[in-house]
Visitor: 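Starting off with a structure, shown below.
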Amino acid sequence: MDLVPLHLTLEPIAAIEAVIPENLRHLNLALVDIGAGTSDIAITRNGSVVSYGMSPVAGDEITEAISEVFLTGFKEAEQIKRELDRDGVITYKDILGSDNTAAATEVAAVIETPLERLSSDVAQTIINLNGGEPPRAVFCVGGGSRLPGLSEKLAGCLGI
């Protein structure tokens, strides 16, 4: 028996279906799925998704900043990024195979500029998709949404 798709939808719309209950979609809300290469965005209002789009800034830019400063491969930088929310000391291997440590606060300082760029770009895309104004609330999902400080920066850029 072959599988036959009944319908297709875009990722940000599928994410809204999974995250924002139908009875809340009458509110002007945004959902941002921060992935590796893009941040996908969908906006709800009056009971349905009214617009969607994407920002080309996402988690890979954060990983690349970590990789450059701490001289690691991409995979190792991804691991460092995942450990940021634990605070304390992060242990990693550089490209020469040497064991190193860095305080989570040191890594957070390294990603400050790309995190601000991510927040700013996503906020501007949300505002553009929402007719020039910020939504009432934003839901962040995806791996990049776990970045410490992202929610606060995004809220600051949106003025919410």
Visitor: Keeping R25 on the side-chain end and V49 on the backbone end, is there a donor-acceptor pair under 3.5 Å?
Guide: no

Visitor: Do I34 and I160 belong to the same hydrophobic cluster, where Ile, Leu, Val, Met, Phe, Trp and Tyr are linked whenever their side-chain heavy atoms lie under 4.5 Å apart, directly or via other members?
Guide: yes

Visitor: Rounded to the nearest 0.5 Å, how far apart are OG of S48 and CD of E22?
Guide: 10.0 Å

Visitor: Which atom pair, heavy atoms only, marks the closest approach of E76 to K93?
Guide: OE2-N, 3.1 Å

Visitor: Under 6.0 Å from the CD atom of E11, do we count more than 12 heavy atoms belonging to anything else shown?
Guide: no

Visitor: Treating Ile, Leu, Val, Met, Phe, Trp and Tyr as nodes and any side-chain heavy-atom pair under 4.5 angstrom as an edge, say whether L29 and Y52 lie in one connected cluster.
Guide: yes

Visitor: Could you tell me if the side chain of Q124 sits less than 4.5 Å from the side chain of I127, heavy atoms only?
Guide: yes

Visitor: Less than 4.0 Å between a side-chain N and a carboxylate O, is that true for K75 and E78?
Guide: no

Visitor: Taking all heavy atoms of I66 and all of A77, pick out the closest pair and write down the distance.
Guide: CG2-CB, 3.9 Å

Visitor: Would you check if the side chain of N100 reaches a backbone N or O of S98 as a donor-acceptor pair within less than 3.5 Å?
Guide: yes

Visitor: Please check: side-chain N/O of S55 versus main-chain N/O of V57, any donor-acceptor pairing under 3.5 Å?
Guide: yes

Visitor: Where is the tightest heavy-atom contact between V32 and S39, given as atom of each residue plus distance?
Guide: CG1-CB, 4.2 Å

Visitor: Under a single-linkage definition using a 4.5 Å side-chain heavy-atom cutoff for Ile, Leu, Val, Met, Phe, Trp and Tyr, are L71 and V69 assigned to the same hydrophobic cluster?
Guide: no

Visitor: Is a side-chain N or O of D85 found less than 3.5 angstrom from the main chain of L147, in a donor-acceptor match?
Guide: no

Visitor: Looking only at heavy atoms, what is the nearest atom pair of I43 and A30, with distance?
Guide: CD1-CB, 3.6 Å

Visitor: Roughly how far, to the nearest 0.5 Å, is the OG1 atom of T91 from the CG atom of D99?
Guide: 8.0 Å

Visitor: Hydrophobic cluster membership, with links at side-chain heavy-atom distances under 4.5 Å among I/L/V/M/F/W/Y: are I90 and I111 in one?
Guide: yes

Visitor: Supply the atom-to-atom distance I16 CD1 to L31 CG, rounded to the nearest 0.5 angstrom.
Guide: 5.0 Å

Visitor: Over all heavy atoms of both residues, which pair between L150 and S145 is shortest? Give the atoms and the distance, please.
Guide: CD2-CA, 3.9 Å

Visitor: Supply the atom-to-atom distance I41 CD1 to T125 OG1, rounded to the nearest 0.5 angstrom.
Guide: 4.5 Å

Visitor: Are there over 12 heavy-atom neighbours, none belonging to E116, within less than 6.0 Å of that residue's CD?
Guide: yes

Visitor: Any donor and acceptor pair, going by atom type alone, linking the side chain of E61 with main-chain N or O of P114 inside 3.5 Å?
Guide: no

Visitor: Out of curiosity, L154 CG to L118 CG, how far, rounded to the nearest 0.5 Å?
Guide: 8.0 Å

Visitor: Strictly distance-based, threshold 3.5 Å: is any side-chain N or O of S67 a donor or acceptor partner for the main-chain N or O of T72?
Guide: yes

Visitor: Is it true that V141 and M54 fall in one hydrophobic cluster, defined by side-chain heavy atoms closer than 4.5 Å?
Guide: no

Visitor: Could K153 and E112 be called an ion pair, given the rule that one side-chain N must be under 4.0 Å from one carboxylate O?
Guide: yes

Visitor: If I compare all heavy atoms of V19 with all of P21, which pair ends up nearest, and what's the gap?
Guide: O-CD, 3.4 Å

Visitor: At what distance, to the nearest 0.5 angstrom, does OG1 of T44 lie from CZ of R136?
Guide: 12.0 Å

Visitor: How would you list, by chain and number, every residue that makes a ring pair (Phe, Tyr, Trp, His ring centres under 6.0 Å) with F70, sequence neighbours excluded?
Guide: Y92

